[in-house]
Peer 1: 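What follows is a structure written as structure tokens; I'll ask about it next.
Please read these numbers as outputs of a predicted model, since none were measured by experiment. For the single chain, residues carry numbers from 1 onward in sequence order.
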Amino acid sequence: MKQLFKRILLPLFALMLAGPFTGNAAHHSLLNNDTVRYDNNGTLIVNTTPLCKNVIGFNGTTPVEIYIKNGKVQKIVALPNEETPSFFQRAAVILKSWEGKKVSDAAKLKVDAVSGATYSSNALIQNVQTGLNYAQQNAKRLGVTKSSFYPVLITTLGLALLLCIVHFLIQKFRKK
């Protein structure tokens, strides 16, 4: 049993302890900025405010937040801006164009500007495209893909460790 512990359990335990410090380091450093965050449901939210400081609509910047879950765009929300409300509302209709699409498909999508609100529309389009490209370029670190190998690995290792502990306890009580 001591050999089992030395050869199997100890390395498994070490891997489980090291996982949160090594595997997620890049993930956490990437999330320590104003560009991305996760909500309580695990939805990734890309904020284009820092990415699109130079993208100007009619009266100023038109940042958005892009909500991504399971590799798909869930919704896009316009953030506060200085655009004329009546024109901006007409332009904001285009934000639904990307919803429900895979990030890779949404990033390639060509959306036309709304006539009469061209400046606002073009700024929104550029914000969305920039945000989606950011998500694509950082997909592995952000967890944009449909599944992640890391949680599966941790779960498997945890189950293996639990089984070994149970086996050890059963053997210990049988000897008594």
Peer 1: Please say yes or no: joined through hydrophobic side-chain contacts below 4.5 Å, possibly via intermediate residues, are Val55 and Tyr119 part of one cluster?
Peer 2: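 No, it is not one cluster - the side chains of Val55 and Tyr119 are not joined through contacts under 4.5 Å.
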Peer 1: Indicate the atoms forming the closest heavy-atom contact of Cys52 with Gln126, along with that distance.
Peer 2: SG-O, 4.4 Å
Peer 1: So how far is it from Thr62 OG1 to Phe88 CZ, rounded to the nearest 0.5 Å?
Peer 2: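 Result: 6.0 Å between the selected atoms.
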Peer 1: Is Leu95 linked to Val111 within one hydrophobic cluster, defined over Ile, Leu, Val, Met, Phe, Trp and Tyr using a side-chain heavy-atom separation of less than 4.5 Å?
Peer 2: yes
Peer 1: Say you draw a straight line from OG1 of Thr118 to CZ of Phe87; how long is it, rounded to the nearest 0.5 Å?
Peer 2: 10.0 Å
Peer 1: So, for Ala113 and Ile125, which heavy atoms are closest and what is the spacing to 0.1 Å?
Peer 2: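 Closest approach of Ala113 to Ile125, heavy atoms only: N-CD1, 4.0 Å.
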Peer 1: Look at the side-chain heavy atoms of Ile, Leu, Val, Met, Phe, Trp and Tyr, link any pair under 4.5 Å apart, and say whether Ile66 and Leu109 land in one connected group.
Peer 2: yes
Peer 1: On a heavy-atom basis, which atom in Thr48 and which in Gly131 lie closest, and how many Å separate them?
Peer 2: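 Closest pair (atom of Thr48, atom of Gly131, distance): CG2-CA, 3.9 Å.
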Peer 1: Give the intermediate values and the outcome of side-chain contact (heavy atoms from CB on, under 4.5 Å) for residues Leu51 and Val46.
Peer 2: CA-CA 10 Å; Leu51 299 173; Val46 178; 4.3 Å; yes
Peer 1: When hydrophobic residues are tied together by side-chain contacts of less than 4.5 Å, even through go-betweens, does Tyr67 share a cluster with Ile94?
Peer 2: no
Peer 1: Checking the side chain of Arg90 only, and the main-chain atoms of Ser115 only, is there a donor and an acceptor separated by less than 3.5 Å?
Peer 2: yes
Peer 1: Do the side chains of Ile45 and Val128 join up, straight or via other hydrophobic residues, at under 4.5 Å, putting them in one cluster?
Peer 2: no
Peer 1: For Leu132 and Trp98, work out which heavy atoms get closest and say how close.
Peer 2: CD1-CD1, 3.8 Å
Peer 1: Taking all non-hydrogen atoms of both residues, which atom of Lys69 and which atom of Gln74 are closest, and how far apart?
Peer 2: O-NE2, 3.3 Å
Peer 1: Are side-chain heavy atoms of Phe58 and Asn81 found at a separation under 4.5 Å?
Peer 2: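 SC-SC contact between Phe58 and Asn81 ruled out.
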Peer 1: Going by heavy atoms in the side chains, are Thr35 and Asn47 under 4.5 Å from each other?
Peer 2: no
Peer 1: Using a strict threshold of under 4.0 Å (side-chain N to carboxylate O), is an ion pair present between Glu65 and Arg37?
Peer 2: yes
Peer 1: To the nearest 0.5 Å, how far apart are CG in Asn122 and CG in Asn127?
Peer 2: 11.5 Å
Peer 1: Quick one: pull up CG in Asn54 and OG1 in Thr130 and give me the separation to the nearest 0.5 Å.
Peer 2: 10.5 Å
Peer 1: First locate atom CD1 of Ile68, then atom NZ of Lys101, and finally report the distance between them rounded to the nearest 0.5 Å.
Peer 2: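 Rounded to the nearest 0.5 Å, the CD1-NZ separation comes out at 14.0 Å.
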Peer 1: Assess whether atom CD of Glu82 is packed by more than 12 heavy atoms of other residues, nucleotides or ligands within 6.0 Å.
Peer 2: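 No, the 6.0 Å shell around CD holds no more than 12 heavy atoms from other groups.
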Peer 1: Side-chain contact test, heavy atoms from C-beta onward, threshold under 4.5 Å: evaluate it for Thr61 versus Thr49 and give yes or no.
Peer 2: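 Of all side-chain heavy-atom pairs linking Thr49 with Thr61, none is under 4.5 Å.
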Peer 1: Rounded at 0.5 Å granularity, tell me how far CD in Glu83 sits from CD1 in Ile56.
Peer 2: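 Rounded to the nearest 0.5 Å, the CD-CD1 separation comes to 9.0 Å.
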Peer 1: Between the side chains of Thr43 and Asn41, is a donor N or O closer than 3.5 angstrom to an acceptor N or O?
Peer 2: no
